[in-house]
2 protein chains.
Amino acid sequence: MRPTATKEKILDATIALVSEKGYLGATTREIARRAGVTELTLFRHFGSKENLFELCVESRSFLPDLRELLPDLDGLPYEEALETLGRRFLLSLKERKQMVMIMQSEMARYPGKMRRMYGQLMDEILKTLATYFTALQKKGALRHFPAELAARMFLGMLFSYFRTEEIMRGTDITKGGRMDAAVKGVVDIFIHGTAAGKNGALKRRRT
Amino acid sequence: MRPTATKEKILDATIALVSEKGYLGATTREIARRAGVTELTLFRHFGSKENLFELCVESRSFLPDLRELLPDLDGLPYEEALETLGRRFLLSLKERKQMVMIMQSEMARYPGKMRRMYGQLMDEILKTLATYFTALQKKGALRHFPAELAARMFLGMLFSYFRTEEIMRGTDITKGGRMDAAVKGVVDIFIHGTAAGKNGALKRRRT
DNA sequence: TAGGAATGTAAGTGAGTACTTACATTATAG
DNA sequence: CTATAATGTAAGTACTCACTTACATTCCTA
């Protein structure tokens, strides 16, 4: 009977149902039912469906720990750093899968809110990653490429992989080593490219 | 007063409105109004909203010319082929922007239909691209990497770029040479990777 | 010019929605 | 033990939506 616990249950039910059926498809009746609560209780706590959704988006937004994805990467070798980052990024997306789905499906209806969420999700980590690239470029460890575009490519590939597998196909990427294999493959191509080395043979082989 | 013309107008209005407001948000009243037609006419032609949406999805699906994206690439050098393919892919996405948006936002509500569309959009071109990679690998022109994953990476990066720019940020990628620059950058990294060459300096520079 | 098909006007039906009101019940804190 | 805050039950309001019915109008064709 603690109000905060009740609110939490309602917010959980909201994010789940909206990600399944969209904002208009998720009725207050069913949200309340799934939260194990009366519809009236929902309105007593949040006043309106619109307000409930706003609070839901804000309380479940992406800020918290995404900016902590890049901290201890400086010590690692390049390839290992990218693999670690890639895995963390995918796991972070998976944890917020419902919000990612809401973001995609409600983009048309709430452009402002969703753009803000997208910014929180991607922009900061993007800039940090670009800075990381630039630093390595200055050391001569990396070629000269547009760092920001490369960061977008790297995260974009992983995001696209996540979308295809988790959202479109409904497979669990954490099972059966799928994710690790995908991350390794992505990082390998991202680092070494696809063209055969100029000096004759292949630069590298995989099993 | 030709029925086919009326149907077309209604289908156009449907795809536009649904991509703006989602399936539930697009009312038959407004669809009819935007088509310059009475609501009754809409129902006389399509019977139900659900049926209208189905026909809309089917008539506007992706099949037509996407499989013709890969035809004349065999003669071109690798880099040029990828750039051409990338540009065509982005332009094709842009032509079908409304359907892409519908596909994303109605994924939760119509998984079957949207998965089918997604398959039509991506799978075939994906496999063809993977085959292209495999052929070049056999010739020794490319390294040994998982061809299918690489194809997904390449298209995924471009798709992600499209999503960010056209859908999230609302910018027109065809203006100001944005698209060409992005494709060149993507292709460059995809081909050559980001690591500096083992033999000392950079393998390649850009202006 | 007559006839039939496509469309329009107007009014309405039934179901579902967000949200409300009035009152009863429970649980916890002082 | 009592007062208060949180929740429940039940009924209902005002609205919108997909969809229908009955009848009038327009336009192309034969």
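In this model, the phosphate group of C:dA6 is not approached by any side-chain N or O of B:Thr41 to a distance below 4.0 Å at OP1 or OP2. A:Arg29 has a side-chain polar atom (N or O) that falls below the 4.0 Å cut-off from OP1 or OP2 of C:dT17. Look at B:His45 and you won't find any side-chain N or O under 4.0 angstrom from OP1 or OP2 of C:dA6. Within the structure, every side-chain polar atom (N or O) of B:Thr6 is placed at least 4.0 Å from both OP1 and OP2 of C:dA6. Dashed line: the shortest gap from a side-chain N or O of B:Thr28 to OP1 or OP2 of D:dC17 is not under 4.0 Å.
Checking C:dC19, D:dT7, C:dT7 against the side-chain heavy atoms of A:Ser48 singles out C:dC19 as nearest. With D:dG8, D:dA18, D:dT21 as the choices, the nucleotide that has an atom nearest any side-chain atom of A:Leu40 turns out to be D:dG8. You'll find that the side chain of B:Thr27 is closest to D:dC17, out of C:dC19, D:dC19, D:dC17.
Checked by atom type, the side-chain pair A:Arg88/A:Ser92 shows no donor-acceptor distance below 3.5 Å.
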Subject >> A:Tyr23 and A:Tyr110: CA distance, side-chain angles, deciding distance, ring pair (Phe, Tyr, Trp, His ring centres under 6.0 Å) verdict >> reply: CA-CA 10 Å; A:Tyr23 176 74; A:Tyr110 302 94; 5.4 Å; yes
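Distance alone, capped at 3.5 Å, places no donor-acceptor pair between the A:Glu83 side chain and the A:Val187 backbone. The backbone N or O of B:Val37 sits nowhere less than 3.5 Å from a side-chain atom of B:Lys9 that would complete a donor-acceptor pair.
Counting non-hydrogen atoms under 4.0 angstrom, B:Ala5 reaches nothing in the nucleic acid.
Distance A:Glu39 CD to D:dA6 C1': 18 Å, rounded to the nearest Å.
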